[in-house]
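Notes for the one structure printed next.
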Amino acid sequence: MRHPRASDSMRIQNLLDGKSEEITLREFTSYPQITAKSSFDLFGTLMLHTGYFTVVKGEVPKAANRAVIKIPNREIQQCFIEKAGEIFNQDNEEWYSQGLDLRDSLLEGDAAKAETTAKKMLELFVSVRDSAYESFYHGFLAGVLGMTGNSDISILSNRESGDGFSDVIIKNKAARIAAVLEFKKSGSDEPDAMDSICSRALRQIEEQAYDRELKKAYRVIHKYGIAFYNKTCRIIGA
């Protein structure tokens with residue numbers, strides 16, 4: 001499941017959260033099918049046969065060829081958490097490439113492209129954490145951007161800036177371009193609500209003067225208010 005679809009990612013997330021999922025059993029398969037981009041049903045059947053999933057007693061599936069499954073214990077749950085941590089890092093070329101796209105879009109001032117990329121990554125990400133908290137989104141985006149840093153580009157998280165602490169600052173020292181990011185969790189995915197949260201984040205950047213020190217050395221400073229709700233986001237630049 002190295003490159004899960006968004007729907008598969010959510011099903012894996014539900015299992016990691018202790019919930020159950022119903023699968024169609026794929027009893028006849030071959031190793032080439034398993035090593036290719038397998039379906040969740042094939043993945044689930046394999047994990048069921050090897051003991052990493054178990055059938056939920058008392059829950060009746062919709063059909064005879066289906067089963068309701070869950071992760072049987074905390075030890076195996078930890079195995080999946082560790083595997084997810086291995087998958088969502090720079091060793092996964094597709095994931096790393098999207099991280100680079102996100103970083104470059106933010107440094108280029110392209111809020112629309114950054115939003116599209118961030119949404120795609122959120123849909124695929126198996127968080128293994130509680131996405132109800134703003135700190136999750138901070139950790140998610142700081143981690144995604146952090147793996148793209150190099151000798152010219154630095155990613156700073158929760159650093160003292162101006163009169164407070166900015167969420168994330170991206171610095172391209174060679175080009176003398178920087179980006180200041182402020183994150184907020186929204187209580188709704190309604191467009192007006194998301195836009196309002198982004199505007200509040202942008203006001204915080206201005207009121208707390210997060211760009212004060214950056215103005216001394218950087219010729220272009222992009223500012224972004226970013227609102228999150230579940231597995232979606234809104235990014236507005238200034």
Side-chain angles (χ1 to χ4, degrees), residues 1-21 23 37-44 47 52-53 69-71 76-106 110-149 155 157-158 167-168 170 179 181-189 194 197-198 201 224-236:
M1 303 301 292
R2 187 170 179 79
H3 303 290
R5 295 179 300 178
S7 58
D8 292 341
S9 176
M10 281 303 301
R11 296 174 81 182
I12 295 171
Q13 183 65 64
N14 285 337
L15 290 167
L16 287 169
D17 289 342
K19 301 173 185 177
S20 61
E21 282 288 334
I23 62 170
K37 290 187 178 180
S38 61
S39 70
F40 185 85
D41 290 329
L42 178 58
F43 171 74
M47 293 295 98
Y52 287 96
F53 292 160
I69 51 93
K70 68 176 183 179
I71 295 175
I76 294 177
Q77 181 188 41
Q78 188 60 35
C79 290
F80 279 105
I81 289 172
E82 291 174 2
K83 178 54 66 175
E86 293 173 10
I87 290 172
F88 293 100
N89 61 40
Q90 63 183 14
D91 292 333
N92 181 333
E93 292 182 7
E94 184 175 323
W95 186 254
Y96 180 60
S97 176
Q98 291 182 54
L100 287 174
D101 286 344
L102 177 61
R103 183 201 71 188
D104 291 345
S105 298
L106 292 168
D110 193 337
K113 184 178 178 182
E115 180 181 309
T116 298
T117 304
K119 282 180 177 179
K120 183 177 180 181
M121 298 188 84
L122 279 167
E123 286 179 349
L124 297 178
F125 189 52
V126 180
S127 72
V128 305
R129 282 180 287 182
D130 188 350
S131 60
Y133 300 102
E134 186 176 308
S135 59
F136 160 77
Y137 296 110
H138 186 143
F140 164 77
L141 217 53
V144 165
L145 293 169
M147 69 182 181
T148 70
I155 315 295
S157 175
N158 268 334
D167 281 337
V168 168
I170 309 172
L181 284 57
E182 181 63 28
F183 312 136
K184 299 290 182 187
K185 183 180 182 298
S186 175
S188 166
D189 61 353
M194 298 283 273
I197 294 293
C198 288
Y224 298 96
I226 305 179
F228 292 97
Y229 181 80
N230 289 346
K231 281 184 172 278
T232 190
C233 69
R234 178 82 169 103
I235 300 179
I236 294 180

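Note that the structure is predicted; figures quoted are calculated from it, not measured. Below, all heavy atoms of this structure are taken into account, side chains as well, without hydrogens, waters or symmetry copies.
A side-chain contact (heavy atoms from CB on, under 4.5 Å) with Glu21 is found for exactly one of Ile12, Ile69, Ile71, namely Ile69. The one candidate from Ile235, Ile236, Asp167 that meets the side-chain contact (heavy atoms from CB on, under 4.5 Å) condition with Tyr224 is Ile235.
Atoms CE and CG, from Met147 and Asn92 in turn, are 8.0 Å apart once rounded to the nearest 0.5 Å. Separation of atoms NZ (Lys120) and CG (Asp101) is listed at 8.5 Å; rounding is to 0.5 Å. The distance from the CD1 atom of Ile226 to the CD atom of Glu182 is 9.0 Å, given to the nearest 0.5 Å. Rounding to the nearest 0.5 angstrom, the gap separating the CG atom in Asp189 from the SG atom in Cys233 is 12.0 Å. How far CE of Met47 is from CD1 of Ile76: 10.0 Å, rounded to the nearest 0.5 Å. Taken from NZ in Lys185 to OG in Ser135, the straight-line distance is 11.0 Å, to the nearest 0.5 Å.
Under a 3.5 Å cut-off, the side chain of Ser97 and the backbone N or O of Glu93 do not form any donor-acceptor pair. Between the side chain of Thr116 and the main chain of Ala112, a donor-acceptor pair closer than 3.5 Å is present. Side chain of Asp17 to backbone of Lys19: no donor-acceptor contact under 3.5 angstrom is found.
Crowding of Tyr96 atom OH: a count of heavy atoms from other residues, nucleotides or ligands under 6.0 Å exceeding 12. More than 12 heavy atoms of other shown residues, nucleotides or ligands fall within 6.0 angstrom of atom NZ in Lys231.
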Self-check item: Derivation and outcome, side chain to side chain contact (heavy atoms under 4.5 Å, CB included), residues Arg234 and Tyr229
Solution: CA-CA 9 Å; Arg234 178 82 169 103; Tyr229 181 80; over 6 Å; no
Quiz prompt | Stepwise ring pair (Phe, Tyr, Trp, His ring centres under 6.0 Å) test for Phe53 and Phe80 | solution = CA-CA 11 Å; Phe53 292 160; Phe80 279 105; 5.5 Å; yes
Practice problem: Please step through side chain to side chain contact (heavy atoms under 4.5 Å, CB included) for the pair Asp41 and Arg11, ending with a clear verdict. | Solution: CA-CA 11 Å; Asp41 290 329; Arg11 296 174 81 182; 3.9 Å; yes
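With contacts defined as side-chain heavy-atom distances shorter than 4.5 Å, the pair Phe228/Leu122 qualifies. Using a 4.5 Å heavy-atom threshold, the side chains of Phe125 and Gln13 count as separate. Between Ile170 and Leu181 there is a side-chain heavy-atom pair separated by less than 4.5 Å.
A salt bridge links Lys119 to Glu115: at least one charged side-chain nitrogen sits closer than 4.0 Å to a carboxylate oxygen.
Taking each heavy atom of Gly225 and Ala201 in turn, the nearest pair found is CA-CB, 3.6 Å. Residue His138 comes nearest to Val168 through the heavy atom pair NE2-CG2, 4.3 Å, listed as atom of the first residue, atom of the second, then distance. The two residues Leu16 and Gln77 make their nearest non-hydrogen contact at O-NE2, 2.5 Å. Smallest separation of non-hydrogen atoms from Leu106 and Ala114: CD2-CB, 3.7 Å.
In this pair, Phe140 and Phe136 present their aromatic rings parallel. The plane angle is below 30°, not in the 30 to 60° band.
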